[in-house]
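What follows is a single structure, written as structure tokens, with notes after it.
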Amino acid sequence: MKKIETSLNGAGQRYAIVTARFNEFVTDGLVKGAVDRLKALGVNDDDITVVQVPGSFEIPGVCRRFADSGKVDAVLALGAVIRGETSHYDAVVNATTSGIASIAAEGKIPVLFGVLTTDTVEQAMNRAGLKAGNKGADVAQSAVELVNLYKEI
């Protein structure tokens, strides 16, 4: 039996963070958490590209461009979709999730899902660095691990 080991060493790796401007009061915290964690794992500041798109619906298209570009080793998709009074929430969540999952499943490079889907603003804020940790940081750590795993496969 062969067991593939991976590491959390991000030195020399390049990352793109695609984030939604909508709900920026939440996504700013996710991005900060992701950038801080990438740096803590050895990624140089110059090797992190952050790009904002209007909303979560637009994230998959930009993730695809980065995944196809050959310029980065992984893409982190960060956003926040907070349930409102209409079914718009369901449409955005489903399209965003499906789009990111489709790109990730191609396996060219790791594409990680860090789009919060919450019922309340409080839940979103808690997951962006307040009470429930920072999901941006969690996604960043997973990205480094997956980049190293992809290299071993």
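The structure presented is a predicted model; accordingly, all values stated were derived computationally and were not measured.
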Problem - Listed once per pair and sorted, the salt bridge (Lys or Arg N to Asp or Glu O under 4.0 Å) pairs that draw on residues 123-138, sequence neighbours left out - result: K135-D138
Fill in the blank from the handout: Smallest heavy-atom separation, I82 atom then T120 atom, equals CG2-C, 3.6 Å
Exercise for the section: Specify the closest pair of heavy atoms between D73 and Q13, including all atoms of both residues, with the distance to one decimal. Expected result: OD2-CA, 3.3 Å
Exercise for the section: Applying side-chain contact (heavy atoms from CB on, under 4.5 Å), run through V75 and V72 and close with a yes or a no. Expected result: CA-CA 7 Å; V75 182; V72 297; 4.0 Å; yes
Problem - Minimum heavy-atom distance A80-S56, with the two atoms named - result: N-OG, 3.8 Å
Exercise for the section: May I ask you to say whether D36 pairs ionically with K32, meaning some side-chain N is under 4.0 Å from a carboxylate O? Expected result: yes
For residues 106-113, run the donor-acceptor check on the side chains, cut-off 3.5 Å, and write out each pair with its distance to 0.1 Å, sequence neighbours left out.
residue : atom : partner : partner atom : Å
E106    : OE1  : R64     : NH1          : 2.8
E106    : OE2  : R64     : NH1          : 2.7
E106    : OE2  : R64     : NH2          : 3.2
K108    : NZ   : D68     : OD1          : 2.7

Practice task
Verify, without hydrogens or angle tests, whether E152 (side chain) and L149 (backbone) share a donor-acceptor contact under 3.5 angstrom.
Solution key: no
Handout entry: Atom NZ of K151: over 12 foreign heavy atoms under 6.0 Å
Key = yes
Problem - Ion pair check, R14 and D47, cut-off under 4.0 Å - result: no
Exercise for the section: Identify whether I17 and L146 are in the same connected component of the hydrophobic contact network (ILVMFWY, side-chain heavy atoms under 4.5 Å). Expected result: yes
Practice task
Let me see the working for R37 and L41 under side-chain contact (heavy atoms from CB on, under 4.5 Å), right down to the final yes or no.
Solution key: CA-CA 6 Å; R37 183 66 54 88; L41 296 173; 4.0 Å; yes
Practice task
Please report the C-alpha distance between I48 and V43 in whole Å, then the side-chain angles of each, then the deciding distance to 0.1 Å, and finally whether the side-chain contact (heavy atoms from CB on, under 4.5 Å) criterion is met.
Solution key: CA-CA 8 Å; I48 303 169; V43 179; 3.7 Å; yes
Problem - Closest approach of A34 to A140 (non-hydrogen atoms, all atoms of both residues) - result: O-CB, 3.5 Å
